[in-house]
Trainee: 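Take a look at the following structure, please.
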2 protein chains.
Amino acid sequence: MESPRWLREEEQRAWRAYIRMHGQLTALLNRQLQADSGLSLADYGVLVELTDTPDGRLRPFELQRELQWEQSRLSHHLTRMQRRGLISREECPEDGRGAFVVLTDAGREAITAAAPGHVEAVRSLFFEGLTPEQVAALERLSTQVTARIETAAGDCADPA
Amino acid sequence: MESPRWLREEEQRAWRAYIRMHGQLTALLNRQLQADSGLSLADYGVLVELTDTPDGRLRPFELQRELQWEQSRLSHHLTRMQRRGLISREECPEDGRGAFVVLTDAGREAITAAAPGHVEAVRSLFFEGLTPEQVAALERLSTQVTARIETAAGDCADPA
DNA sequence: GCGGAATGGATGACGTGTCATGTACGTTGT
DNA sequence: ACAACGTACATGACACGTCATCCATTCCGC
């Protein structure tokens with residue numbers, strides 16, 4: 001505790017570069033998506049998950065597991081998407097507490113229209129500047145960190 | 001345009017892993033910072049910039065350049081930080097339009113108290129899981145992408 | 001100097017995210 | 001059977017971020 005173990009200089013630089021990169025990247029992606037199709041990245045994520053299921057319907061808790069969102073964030077966001085007609089909610093017969101989130105036709109059209117432009121933006125802003133080795137390294141790095149984070153979070157929630 | 005050039009599978013995986021990692025990471029860092037010191041990551045960023053100057057004062061547009069924030073976001077955030085007593089605003093003598101953002105004593109105390117815990121969280125959640133090569137690779141990758149993004153953004157703002 | 005453009009900054013409206021809490025239903029143990 | 005607990009989800013309050021817009025001042029060409 002005496003000396004709080006600052007970051008080494010390379011770590012500082014890497015951290016700042018990373019934070020800056022992510023901020024710029026998501027800002028641009030969000031703007032592109034919003035301008036071209038009226039969707040946010042958050043909307044896009046929800047719609048992708050729904051589109052990935054055969055019948056375009058999921059329980060909120062399944063969506064939550066996939067997106068790794070807070071429950072209340074998801075609930076609020078679904079309310080807003082419902083208001084805009086992108087999804088609808090239905091009751092769940094086999095669990096009186098539960099619900100279903102259902103992709104509407106408008107929702108399916110929106111994601112279908114938005115996807116090509118978004119994918120193209122991700123590619124041109126991000127992947128086209130990287131070598132395959134860098135892409136592989138990024139995946140490894142992200143996976144390692146995520147694993148580390150999840151054990152850390154588990155520790156404080158479930159301290160055996 | 002005919003076929004919208006989807007991402008390759010490795011890219012898909014890397015992208016999803018990256019998005020997931022970043023979400024979890026910032027969520028945890030934000031929570032830790034908030035719980036331990038009542039600051040958000042945004043507050044922290046502003047206070048760091050101010051602390052990095054000799055007299056703890058900056059023009060808003062300088063802050064904006066460093067943080068790469070939207071101008072109105074900065075303005076709103078400064079208003080909130082001012083309301084909480086972390087900073088104050090002063091008039092700028094040599095430019096009648098301008099202003100100064102000044103670190104208050106409370107602001108300096110807050111960042112001083114918050115920094116060790118935050119740095120430790122960044123280290124333990126992020127850097128301790130990575131090799132020096134990975135850190136270096138991350139910095140290169142981030143720098144490359146940022147450069148790419150900035151030329152792209154420049155292009156559409158200033159199309160010669 | 002004067003009119004127009006550019007710059008520094010603030011603000012209101014509105015969508016978004018978090019925390020704390022509420023509610024209703026299911027599950028489990030006795 | 002019923003109390004206790006857990007799970008699925010919603011909600012209100014409030015902080016945060018973006019967009020469009022506004023105001024004041026400075027800069028620049030004439």
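Naming convention: chains lettered A, B, ... in sequence-line order (proteins, then strands); numbering from 1 in each chain.
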Trainee: Using whole Å, report how far CH2 of A:W69 lies from P of D:dA10.
Mentor: 14 Å
Trainee: Using the side-chain contact (heavy atoms from CB on, under 4.5 Å) rule, pick out the option among A:V101, A:V46, A:T104, A:L50 that qualifies with A:M81.
Mentor: A:V46
Trainee: Is there a donor in the side chain of A:T79 and an acceptor in the side chain of A:R89, or the other way round, less than 3.5 Å apart?
Mentor: yes
Trainee: If you check the A:R31 side chain, which of D:dC19, D:dG17, D:dT11 turns out closest?
Mentor: D:dC19
Trainee: What is the distance, rounded to the nearest whole Å, between atom CZ of B:R83 and atom C1' of D:dC16?
Mentor: 11 Å
Trainee: Please list, chain by chain and in numerical order, all residues satisfying side-chain hydrogen bond (donor to acceptor under 3.5 Å, both in side chains) with B:R140, sequence neighbours excluded.
Mentor: none
Trainee: How does protein contact run along nucleotides 1-9 of chain D, one letter per nucleotide 5' to 3', with B for base contact, S for sugar-phosphate only, - for none, heavy atoms under 4.0 Å?
Mentor: -----BBSB
Trainee: Who passes salt bridge (Lys or Arg N to Asp or Glu O under 4.0 Å) against A:R13, sequence neighbours left out?
Mentor: A:E9, B:E139
Trainee: If the helix axis at each end comes from five base pairs, how far does the helix from C:dG1-D:dC30 to C:dT30-D:dA1 deviate from straight, to 10°?
Mentor: 20°
Trainee: Identify, with sequence neighbours excluded, every residue that meets salt bridge (Lys or Arg N to Asp or Glu O under 4.0 Å) alongside A:R59.
Mentor: A:D95
Trainee: Without decimals, in angstroms, what is the distance between B:Q68 CD and D:dT18 P?
Mentor: 13 Å
Trainee: If you measure only the distance, is there a donor-acceptor pair under 3.5 Å linking the side chains of B:N30 and B:Q34?
Mentor: no
Trainee: Using a cut-off of less than 4.0 Å, is there contact between a side-chain N or O of A:H76 and OP1 or OP2 of D:dA10?
Mentor: no
Trainee: Looking at every heavy atom in both A:L86 and A:A110, which two are closest together, and how far apart are they?
Mentor: CD2-CB, 3.9 Å
Trainee: Does B:S40 make a side-chain N or O approach to OP1 or OP2 of D:dA15 shorter than 4.0 Å?
Mentor: no
Trainee: Which sits closer to the 5' end of DNA chain C, B:S72 or A:L74, going by the nucleotide each is nearest to?
Mentor: B:S72
Trainee: Give the rounded distance in Å between these two atoms: CG of A:N30 and P of D:dG17.
Mentor: 13 Å
Trainee: Does A:D52 come within less than 4.0 Å of A:R57, counting only side-chain N to carboxylate O?
Mentor: no
Trainee: Could you pick out which residue, B:Q34 or A:R73, lies toward the 5' side of DNA chain D when each is mapped onto its nearest nucleotide?
Mentor: A:R73
Trainee: B:L78 has an atom CG; how far is it from atom P of D:dC16, in whole Å?
Mentor: 12 Å
Trainee: Taking C-beta and beyond as the side chain, do A:L25 and A:L125 meet within less than 4.5 Å on heavy atoms?
Mentor: yes
Trainee: Shoot me the first and last contacting nucleotide of DNA chain C against chain A, ordered 5' to 3', at under 4.0 angstrom to non-hydrogen atoms.
Mentor: C:dT16 to C:dG26
Trainee: Please determine whether a side-chain nitrogen of the Lys or Arg among B:R84 and B:D43 lies less than 4.0 Å from a carboxylate oxygen of the Asp or Glu.
Mentor: yes
Trainee: Grab the CG-C1' distance between A:D43 and D:dG17 for me, whole Å please.
Mentor: 15 Å
Trainee: Does either side chain, that of A:Q134 or that of B:Q144, offer a donor lying less than 3.5 Å from an acceptor on the other one?
Mentor: yes
